[in-house]
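None of the values given here were measured: they were computed from a predicted structure. When reading the values below, keep in mind they use all heavy atoms of this one structure, side chains included, and skip hydrogens, waters and symmetry mates. Numbered from 1 within each chain, the chains take letters A, B, ... in sequence-line order.
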Amino acid sequence: MSNLISILQNAVTQAVEHLYGEQTEPGKVLVNTTPPDFTGDYSIVIFPFVKIAKKTPDAAAAEIGEYLQGKVAEIKGYNVVKGFLNLEIAESYWQVFLQALVQDQNYGRRPATGQKVMVEYSSPNTNKPLHLGHIRNILLGWSCSKILESVGYEVVKTQIVNDRGVAICKSMLSWVKFGAGKTPESEGIKSDHFVGDYYVLFEQKSKEEYETWQQTALANSIFEEKHKAGQSEKDFFKDFKNKWFNEYSTLGAEVREMLLKWEAHDPDTIGLWKKMNNWVYQGFDKTYHDLGVSFDKLYYESDTYLLGKDIVDEGLSKQVFFKKEDGSVWVDLTDAGYDQKVVLRSDGTSVYITQDLGTAQMRHKELGCERYVYVVADEQNYHFQVLFEILKRLGESYAGGLHHLSYGLVELPTGRMKTREGTVVDADDIMAEVIRIAGEQARERGEIEGISDTERAENLRKVGLGALKFFIVKVHPKKKMIFNPEESVDLQGQTGPYIQYSYVRINGLMQRIDKEHIDLSKFGEYTSIQPQEKDLLVALQEYPNVVWNAAKEYDPSLVANFCYDLAKKYHRFWHDLQVLRAESEPAKAFRLMLSKSVGQVLKNGMGLLGIEMPERM
RNA sequence: GGCUCCGUAGCUUAAUGGAUAGAGCAUCUGACUACGGAUCAGAAGGUUAGAGGUUCGAGUCCUCUCGGAGUCACCA
């Protein structure tokens, strides 16, 4: 289907060349939808051409308008206001557009590019269940994947599971010491929550140990010796906590011992690790399933944490890295505005960024993508800038295709969520809660007649999750979000259910078409398109551009806001105009086709966000 | 302190450098003997943190100031 915007852009380019003898780029011609108070459908901004034209903006606009009206069949009329050329589009164009649209199941999709892109998201630790922050990460990753797919990329959805390290050993040790042989089955607790409880318990026990230790003579003398002038005992011990855990804590020593045993492949430790990680995976699987997301390929940190040694050698031989006297290896990025960065410790072990360098190389060898998207919170912005800069300097072929999709943290009104302090909004809990609220509201509104229990539950699930997902995904990724658990997620106004409801209305009409065998063939005779209908047509026309921009910007919120806008226009249309009891057969047919198109686009658009549409609600 | 990001109505937010800054929530007023009211219409609410600058045109770009966040580990 040819795009009206590009038709207009090309026509303006021709007009400018014909009238003023200057070449311009069609892509740079600014075409906006005309604001409500002016007559017209689309407006061309004329200011960029006034220098070339050597005329006043209005004179140039009128000239170009006259030319366009004569040359472009789609343009019915024009008017000029303050340097803006407002164009009116002919009814016949909208007829053709609507007919093509209603038959095009793939509207908004682009043909395959033959290019691959990897999207990595979620990357959880296996010591606790997923929380609301993970949900944001997952939804961004999932919907970016869907958006990239729809514009023609082959997408490989990956997850790196952080399944090893100190944090994982903490929950393991805690279960060994305090678990008394209990299991998720014996306690009847979802298995990832079970493991998470032992992580929290560890932190409690550790805190108790620290508080007791602070009363000792040793602690006292350390405080006397090391505290800064004017620093209170409380502040000092807050800062000292990491050092205490590494050097004085019994629990800390036991955790480190466990980590060493794990690294030495001690069979008992590995067995314990596998058992507890499997509990966590079972729980994650359930959560991912409930969220409606999946992955194509999993990577485990236990397999990748030793990667990157080769890259250190490579960097040294390419003189991108340098070695210090103590044997540690560094990269100097000060000329790019960053700092010097360690890539290998003096004891020869690798650090976090070394792993990421190695993983990037390995994955490229395996997947061969043109682009790699990492969905990771914005607290790691600096890390990814450095990572990408190093890969660029190493001359990696894919370095230009790396992208960090950085998103703001989800915070509570009281600040950041902290597992240790129990102020975490759990992923499973919030999903259940929002579905419960959907049920509550449905009951207040009155149940649908003759609905089965299973369909009812399925609808509530779609509505509840629709509300939650839309709430998260409508906000620009870069912005931090504050989530107030006291205020339940809204189901009215600018929400998922609002959009779902417009779809349900349309669905009701579509069923009537089938049941009553309504004839749509006369839609072409409808010539008096109403403003409410025009608004919908213009919006539908925009959809492919919206998806394309969302893909370019890695920004699902563009699609979310578009869907809301389209649904809003549909509700208004519904309220103002009659469909089944329209004034004429052609009007009825036209409105039904228009409704069908809106329904399709809404369903597809929301699908890109991972939101399902109920048939009834 | 250096670097990065953010600051739009009471709250949550939208606006590829283009016309009078657009929505939702909350508040107040109205609209169904029904193509489904999880809807629609209206009222009220803004010096786009502040000051300069670039431009025909700035919420958007540049400089400075203020406020908030993140980061600057031989942690991950």
Partner of A/H383 under ring-ring contact (aromatic ring centres under 6.0 Å, His included), chosen from A/Y338, A/Y352, A/Y374, A/F388: A/Y352
From A/Y570, A/Y498, A/F471, residue fulfilling ring-ring contact (aromatic ring centres under 6.0 Å, His included) relative to A/Y564: A/Y498
Results of ring-ring contact (aromatic ring centres under 6.0 Å, His included) for A/Y42 - residues two or more places apart only: none
Below 4.0 Å: OP1/OP2 of B/A69 and any side-chain N or O of A/R416: no
Nucleic acid contacts of residues 350-359 of chain A, taken as heavy-atom distances under 4.0 Å to RNA chain B: A/V351, A/Y352
For A/F590, all residues meeting ring-ring contact (aromatic ring centres under 6.0 Å, His included), sequence neighbours excluded: A/Y526
Pair A/S350, A/Y305: side-chain N/O donor-acceptor within cut-off below 3.5 Å: no
B/S/- contact track for nucleotides 1-6 of chain B, protein heavy atom under 4.0 Å: ----SS
A/F84 ring over B/A19 six-membered base ring, under 5.5 Å and 30°: yes
For nucleotides 31-35 of chain B, list the nitrogen or oxygen atoms of the protein found under 3.5 Å from its nitrogen or oxygen atoms, one pair per line.
| residue | atom | partner | partner atom | Å |
| --- | --- | --- | --- | --- |
| B/C35 | OP1 | A/R581 | NH2 | 2.5 |
| B/C35 | OP2 | A/R581 | NH1 | 3.2 |
| B/C35 | OP2 | A/R581 | NH2 | 3.1 |
| B/C35 | O2 | A/V579 | N | 3.3 |
| B/C35 | O2 | A/L580 | N | 2.6 |
| B/C35 | N3 | A/V579 | N | 2.9 |
| B/C35 | N4 | A/W574 | O | 2.7 |
| B/C35 | N4 | A/L577 | O | 2.6 |

No-hydrogen, no-angle side-chain donor-acceptor test under 3.5 Å, A/S302 and A/D163: yes
Residues forming a ring-ring contact (aromatic ring centres under 6.0 Å, His included) with A/Y299, sequence neighbours excluded: none
Whichever of A/A438 and A/D37 has its nearest RNA chain B nucleotide further upstream toward 5': A/D37
